[in-house]
Each structure stands twice: as structure tokens, then as C-alpha cells.
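The next block holds one structure in the form of C-alpha cells; read it before the comments.
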Amino acid sequence: MIEFVLDGRSRVATYMQLVLQVKQALRVGLAQPGDRLPKVRDVAQSLAINPNTVLKAYRELELEGLAEGRPGVGTFLVRTLAGPSLANQAELRDELVTWLRKAQAAGLTREDITALIDTTTRATFDRTPPGDGRHGSRHTG
């Protein structure tokens with residue numbers, strides 16, 4: 001079952017943080033169709049937020065076709081976001097854990113690591129290889 005965590009420093013709305021966490025769980029196979037989302041009341045209590053915020057997140061997931069509310073039973077996931085790459089993720093995750101431990105041992109903080117990953121990801125995916133128009137480069141030539 002998904003355990004939600006909020007980032008109080010994030011500019012992302014609380015309900016959207018919940019939505020994004022469900023999407024991440026679906027994308028990496030931690031959540032699957034048929035899984036029940038935590039009860040609204042339980043999430044609201046554990047995160048000390050208004051139940052309407054949780055309801056808004058669950059409604060957004062329903063609008064996106066990822067979840068379905070069943071009166072008196074709960075809200076269930078109905079679709080996955082995991083692609084064919086899911087089979088490769090376990091090995092890559094293990095390699096990432098090893099890398100993260102090396103980074104931590106080298107003295108990098110969580111914020112340092114996040115910044116390094118974010119900037120490297122942007123630099124890698126925003127650069128379009130020659131002759132390839134798939135990655136949406138910002139370079140207009």
C-alpha cells in the first residue's frame with residue numbers, strides 16, 4: 001500500500017503531490033491495478049491535512065482514468081503506467097542504490113544529490129542528438 005509523504009517546501013500543491021506519488025508508484029510497479037488506495041481519513045490523519053485535499057487527489061486520479069471509487073469500499077487503482085521497461089528497472093534500481101551510497105559516502109547531502117540528478121537529467125534529455133528530433137531540444141539553430 002502507498003504511504004504518502006509531503007514535502008512542505010515544495011511549490012507543488014498538496015493534492016498534486018499525492019497524485020504524483022500514486023503515478024510514480026504505478027510507473028515503477030510499486031502499485032498495480034486492483035490495489036486499494038489508503039482510506040481518505042487515514043491519509044488525512046497521518047499527514048495532518050484536510051480530508052478534502054485527499055478527496056481532491058483521488059478525484060484527479062479518477063479523472064485521469066487511473067483510479068475508481070467504489071462506494072462503501074474505497075478507491076482502487078484501475079490502470080498502470082508501467083511500460084515495457086519495468087523488467088529492467090530492478091537492476092537499474094540496484095545500480096542507483098549503489099551510486100547513491102557512493103555519493104553519500106563522498107559527502108553529498110540529499111539536496112546535493114537531487115540537484116546533481118536534476119541538472120544531469122535536464123542536460124541529457126534536453127540535448128537532441130544530431131539527426132534525431134525526438135527529444136525536444138531548446139536549441140532553435
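Every value quoted in this text rests on a predicted model; they were computed, and no experiment measured them.
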Straight-line distance of Gln21 CD to Leu30 CG, nearest 0.5 Å: 11.5 Å

Taking ILVMFWY side chains as joined if any heavy atoms are under 4.5 angstrom apart, and letting links pass through other members, which residues group with Leu108? Leu96, Trp99, Leu100, Ile113, Leu116, Ile117

Nearest 0.5 Å, what's the OG1-CZ distance between Thr120 and Phe125? 11.0 Å

Considering all heavy atoms, the nearest Arg79-Gly65 contact: NE-O, 3.4 Å

Pairs involving residues 38-64, ordered by first then second residue, that meet salt bridge (charged side-chain N to carboxylate O under 4.0 Å, His left out) (sequence neighbours left out): Lys23-Glu64

For Asn50 and Ala44, which heavy atoms make the closest approach, and how far apart are they? C-CB, 4.3 Å

Determine yes or no for a side-chain-to-main-chain donor-acceptor pair under 3.5 angstrom, with Gln32 supplying the side chain and Thr80 the backbone. no

Using a cut-off of 6.0 Å, state whether more than 12 heavy atoms not belonging to Arg101 lie near its atom CZ. no

Specify the closest pair of heavy atoms between Val43 and Pro38, including all atoms of both residues, with the distance to one decimal. CG2-CB, 3.5 Å

Spacing of Phe4 atom CZ and Thr14 atom OG1 [to the nearest 0.5 Å]: 12.5 Å

Between Asp118 and Thr121, does any side-chain donor sit less than 3.5 Å from a side-chain acceptor? no

Leu81 side, atom CG; Leu66 side, atom CG - distance, nearest 0.5 Å: 5.0 Å

To the nearest 0.5 Å, what is the distance between OH (Tyr15) and CG (Leu61)? 10.5 Å

Looking at Leu37 and Ala67, what are the two nearest heavy atoms and their distance? CD1-CB, 4.5 Å

Rounded to the nearest 0.5 Å, the CE atom of Met16 sits from the OG1 atom of Thr53 at a distance of 12.5 Å

Smallest heavy-atom separation, Ala31 atom then Leu77 atom, equals CB-CD1, 3.6 Å

Which heavy-atom pair separates Ala25 from Ile2 by the least distance, and what is that distance? CB-CD1, 4.0 Å

With hydrophobic residues grouped by side-chain heavy-atom distances under 4.5 Å, do Leu20 and Leu47 end up in a single group? yes

Can you tell if the side chain of Asn52 reaches within under 4.5 Å of the side chain of Leu55, non-hydrogen atoms only? yes

